Amino acid sequence: MGTEITLDVAGVSITYSKNHRGFDHGSIFQEQDRKAIKSDQIDYDWYEENDEDPTASEMAFTRPLKYVVPRLELLGFNLEHVRREYDAVAQNWLEERKYLQIGGEDLVPDLMKFVEFVAFAAAYPLDSLDDTFVPYADDAGKARIRARFKEVQVERIPADRPSGIQVHSERNFFGSLVNILHPYSVLRLLAEIEANKDAPVVWQYGPLVQAGWATEREFVPDARRTETFLIATEGSSDVHILSHALTLLRPGIADFFRFIDVSERHPFSGTGSLVKFAEGLTKIDVHNQVLFVFDNDAEGLDAHQRLSKLTLPVNMRGIMLPELEEFRSFPAQGPEGLHHSDINRRAAAIECYLDLDVGGYPPAKVRWTNHKESLDTYHGALEFKEVYSKEFLKQTAETLTEGAYDVRKIEVVLDSLVAECVAIAADQWDTRRGSN
């Protein structure tokens, strides 16, 4: 009979393989997700009779759906991608059947729009679906299951069903209706339903390994190198701060991000060097996913504008640190004294996004340093910025839990960085689909 390995969410099988590992789902999990869970493929009576420990056969990766979503999005499966994929599936389905007519009557149904498909999925939360098996010959049982979905016009879902939908349980029937997209698109779709947020996503490999069809070393968590993002910054402090911020504030996705090694020195420090680095990468057709990050100051604005003139491939993007409302009136020291000024695009380097009420220094302020002729504006720098950086790098998960350190501004930076990386990943999926 062999051994199956499936990717499930709340018991609904999204994809499966038999007698081999199949698709590698390690990227949607992390090492802490590896644990032993019960399996219906294990003969527990045999283990009890032989006084054996079944743990090795129970090994799996499991993670709540709501914590899988950020990883899915960094793999390119945001909701907009799912919508475009659904529309493409529907369009292809229609194209294949546009000549299906009898006696002049069009037999092609009015397919569900994407919003209708989402609404259908939302009407049946995963934990409400019965998993009781209905035998093949039990027509009455199958009728009961179909009755649960009587409001669904099955023929309006764009899927091939040459021999009809197999009905073995409510979960099985529901799975066959929604499982018309890439498995990760299905997961992302189901995550839109609030009732599904805590549903366990399970990839159980123990039975397959114990049966000899695979080895445990084939099941490795974390983002693969080709799925990670190289974050290129203009200075070493940006590397240290962003890396530490991701580790502390986004541990569930931190493995998706890499930084250039600055342990000895920054290989292309400064905005000019960063733009030249970007230009060089575009000319040698680098396939890495790269995000160039510039400070929210005059130098960063000038460099970002120069980068925008380059024709970047879909795997590369450039951003500035986000503008913040609280930077519109910030203490700034200049020739005419201390005044509150808008430092967005003028003097907000990465350190300005840290907690500035630390270190025992006077209130934070920037000092105007030089006039940027190309922009006709002054560039400024935060005083004692090294102090704020060192204080942040001393923070741990425990100290942040205590709430004494303000992370609101650096959280905004991470939100912006992650959003751009999600866009890079989604664009690449669309490019690959368009080339097929």
Side-chain angles (χ1 to χ4, degrees), residues 1-19 22 25 35-49 54 57-66 68 112 117-157 159-181 183 185-208 210-211:
M1 293 179 60
T3 306
E4 288 188 352
I5 179 171
T6 62
L7 181 68
D8 295 347
V9 54
V12 174
S13 179
I14 304 300
T15 184
Y16 80 99
S17 295
K18 189 171 184 178
N19 297 345
H25 300 296
K35 57 193 68 174
I37 59 177
K38 296 291 185 180
S39 170
D40 58 9
Q41 293 196 85
I42 297 175
D43 183 355
Y44 285 99
D45 290 337
W46 182 91
Y47 279 96
E48 185 175 352
E49 291 169 4
S57 296
E58 295 176 324
M59 294 309 298
F61 288 108
T62 179
R63 188 183 186 96
L65 182 56
K66 62 185 176 184
V68 171
M112 285 185 181
F117 190 60
V118 175
F120 153 63
Y124 301 95
L126 296 174
D127 63 1
S128 73
L129 300 172
D130 188 3
D131 198 29
T132 303
F133 178 76
V134 174
Y136 286 91
D138 187 352
D139 293 334
K142 293 179 181 181
R144 285 194 301 272
I145 291 173
R146 287 182 179 275
R148 168 81 192 277
F149 299 88
K150 63 176 184 276
E151 301 299 327
V152 182
Q153 294 175 284
V154 174
E155 67 278 4
R156 295 187 63 217
I157 298 175
D160 291 317
R161 302 179 183 89
S163 58
I165 300 176
Q166 294 184 339
V167 183
H168 303 317
S169 69
E170 283 186 6
R171 285 186 185 176
N172 164 261
F173 185 65
F174 176 81
S176 68
L177 294 176
V178 299
N179 207 4
I180 61 173
L181 307 172
S185 291
V186 177
L187 288 177
R188 183 62 188 85
L189 169 73
L190 295 174
E192 279 300 288
I193 293 88
E194 185 64 32
N196 294 338
K197 298 290 187 181
D198 292 317
V201 178
V202 179
W203 188 37
Q204 187 162 38
Y205 62 86
L208 194 76
Q210 290 303 301

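Numbers here are sequence positions counted from 1. These numbers come from a predicted model, not from an experiment.
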Exam field: side chain [X] to backbone [Y], donor-acceptor pair closer than 3.5 Å:
X      : Y      : value
Lys18  : Gly2   : no
Arg171 : Ala10  : yes
Asn196 : Leu190 : yes

(message) side-chain contact (heavy atoms from CB on, under 4.5 Å), that's the test. Do Arg188 and Leu181 meet it? Break it down for me.
(response) CA-CA 10 Å; Arg188 183 62 188 85; Leu181 307 172; over 6 Å; no
(message) For Phe61, give me all partners under ring pair (Phe, Tyr, Trp, His ring centres under 6.0 Å), at least two apart in sequence or on another chain.
(response) Phe29, Tyr205
(request) Not counting sequence neighbours, which residues clear salt bridge (Lys or Arg N to Asp or Glu O under 4.0 Å) with Lys35? List them please. (result) none
Looking only at non-hydrogen atoms, find the nearest pair between [X] and [Y] and report the distance.
X      : Y      : value
Tyr44  : Ile37  : OH-O, 4.3 Å
Glu170 : Leu129 : OE1-CA, 3.6 Å
Phe117 : Leu177 : CE1-O, 3.9 Å
Leu187 : Leu7   : CD1-CD2, 4.1 Å
Glu58  : Gln204 : O-NE2, 2.9 Å

Set of side-chain contact (heavy atoms from CB on, under 4.5 Å) partners for [X], sequence neighbours left out:
X      : result
Gln41  : Thr3, Glu4, Ser39, Pro207
Asp43  : Asp45, Trp46
Asp198 : Lys66

(message) Taking the side chain as everything from C-beta on, heavy atoms only, tell me whether Ile5 gets closer than 4.5 Å to Trp203.
(response) yes
(message) Can you confirm whether Ser169 sits close enough to Thr132 that some side-chain heavy atom of one is under 4.5 Å from a side-chain heavy atom of the other?
(response) no
Using the test side-chain hydrogen bond (donor to acceptor under 3.5 Å, both in side chains), find all partners of [X] that sit at least two apart in sequence or belong to another chain.
X     : answer
Arg63 : Gln30, Asp33
Ser17 : none
Ser57 : Tyr47
Thr6  : Asp8

For residues 118-127, dump all side-chain donor-acceptor pairs below 3.5 Å to protein atoms at least two apart in sequence or in another chain.
| residue | atom | partner | partner atom | Å |
| --- | --- | --- | --- | --- |
| Tyr124 | OH | Arg148 | O | 3.4 |

(request) Look up atom CG in Asn172 and atom OG in Ser13, then write down how far apart they are to the nearest 0.5 Å. (result) 9.0 Å
